[in-house]
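None of these values were measured; they are calculated from a predicted model.
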Amino acid sequence: MARAATTTDAFNAVAEPRRREILDALSLGERPVNELVDLLGLAQPHVSRHLRVLREVGVVDVRDEGRQRLYRLDAQALKPIHTWVSTYEHLWAERFDLLDDVLAGLQEDTSQEGAGQ
């Protein structure tokens with residue numbers, strides 16, 4: 001089965017690591033493309049291409065301010081990803097609970113060794 005185009009939905013669009021880096025940068029607020037170029041260390045055409053994909057799926061909005069174009073995150077478009085990932089939250093919680101038990105046991109062992117010396 002052929003893979004869907006990256007512009008069909010947020011899942012495919014954010015599958016690319018550089019696009020996730022752009023989203024991380026935009027989660028802190030609006031930024032012009034030149035600032036994203038500096039942050040990511042990519043050529044401006046590459047950043048613009050990634051922004052275009054993110055705009056096409058609705059994850060990023062753009063507005064003109066004078067001669068600059070400012071990009072911002074539209075977190076609502078990420079909701080389907082959040083909804084899907086949250087179905088696995090119980091698995092993480094169970095594993096963290098198990099890890100807490102292991103760490104508590106190790107801490108108890110360390111305390112008993114210190115008391116025995």
Side-chain angles (χ1 to χ4, degrees):
M1 176 190 247
R3 190 172 158 221
T6 58
T7 57
T8 59
D9 62 29
F11 286 93
N12 287 313
V14 303
E16 209 288 325
R18 291 297 190 168
R19 291 188 197 122
R20 290 193 304 270
E21 289 178 16
I22 291 171
L23 295 177
D24 290 343
L26 294 177
S27 71
L28 302 173
E30 264 184 342
R31 294 180 188 268
V33 70
N34 290 338
E35 193 174 321
L36 292 169
V37 165
D38 291 341
L39 282 170
L40 300 173
L42 292 175
Q44 189 273 331
H46 290 110
V47 173
S48 291
R49 228 175 286 134
H50 288 308
L51 285 167
R52 180 177 38 85
V53 170
L54 293 170
R55 275 194 337 266
E56 287 175 358
V57 298
V59 176
V60 168
D61 290 324
V62 63
R63 71 179 178 89
D64 293 329
E65 185 172 285
R67 292 176 38 178
Q68 275 191 328
R69 299 189 83 194
L70 297 174
Y71 294 86
R72 66 183 170 274
L73 182 64
D74 181 356
Q76 185 62 33
L78 296 173
K79 183 117 174 73
I81 295 171
H82 176 268
T83 301
W84 177 74
V85 169
S86 66
T87 62
Y88 297 94
E89 189 173 1
H90 70 280
L91 296 173
W92 299 329
E94 289 171 10
R95 291 181 188 222
F96 283 129
D97 289 344
L98 290 171
L99 181 59
D100 285 343
D101 293 343
V102 169
L103 292 174
L106 290 173
Q107 192 172 26
E108 187 177 304
D109 291 347
T110 302
S111 297
Q112 287 176 359
E113 286 177 11
Q117 290 181 6

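- Residues meeting the ring pair (Phe, Tyr, Trp, His ring centres under 6.0 Å) test with Tyr88, sequence neighbours left out: Trp84.
- With Leu73 as the fixed residue, the side-chain contact (heavy atoms from CB on, under 4.5 Å) test singles out one of Asp24, Leu26, Ile22: Leu26.
- Summarising the geometry, atom CG belonging to Leu23 is positioned 10.5 Å from atom CD belonging to Glu16; distances are rounded to the nearest 0.5 Å.
- Of all heavy-atom pairs spanning Val57 and Ala77, the tightest one is O-CB, 4.4 Å.
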For Arg31 and Leu39: C-alpha separation, side-chain torsions, deciding distance, then whether side-chain contact (heavy atoms from CB on, under 4.5 Å) applies.
CA-CA 10 Å; Arg31 294 180 188 268; Leu39 282 170; 3.4 Å; yes
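- No chain of hydrophobic side-chain contacts below 4.5 Å, direct or via other Ile, Leu, Val, Met, Phe, Trp or Tyr residues, connects Val59 to Leu28.
- Counting only heavy atoms from C-beta outward, the side chains of Leu40 and His50 never approach each other to under 4.5 Å.
- Note: His82 NE2 to Thr87 OG1 = 10.5 Å, rounded to the nearest 0.5 Å.
- Between Ser86 atom OG and Lys79 atom NZ the span is 7.5 Å, to the nearest 0.5 Å.
- Open room surrounds CD on Gln107; 12 or fewer heavy atoms of other groups in view lie less than 6.0 Å from it.
- Within the model, atoms CD of Glu94 and CD of Glu89 stand 11.5 Å from one another, a figure rounded to the nearest 0.5 Å.
- Counting only residues at least two apart or in different chains, salt bridge (charged side-chain N to carboxylate O under 4.0 Å, His left out) contacts with residues 60-74 comprise Glu30-Arg63, Glu30-Arg72, Arg63-Glu65, Asp64-Arg69.
- For the atom pair CG (Leu98) and CG (Leu103), the distance works out to 11.0 Å, reported to the nearest 0.5 Å.
- The only member of Arg52, His46, Gln44 that meets side-chain contact (heavy atoms from CB on, under 4.5 Å) when paired with Ser48 is Gln44.
- For the side-chain contact (heavy atoms from CB on, under 4.5 Å) criterion with Arg19, the lone passing option out of Leu54, Val14, Val47 is Leu54.
- One finds the CD atom of Glu35 at 8.5 Å from the CD atom of Gln68 (value rounded to the nearest 0.5 Å).
- Contact of the Val62 side chain with the Leu51 side chain is not registered, since no non-hydrogen atoms from C-beta on lie closer than 4.5 Å.
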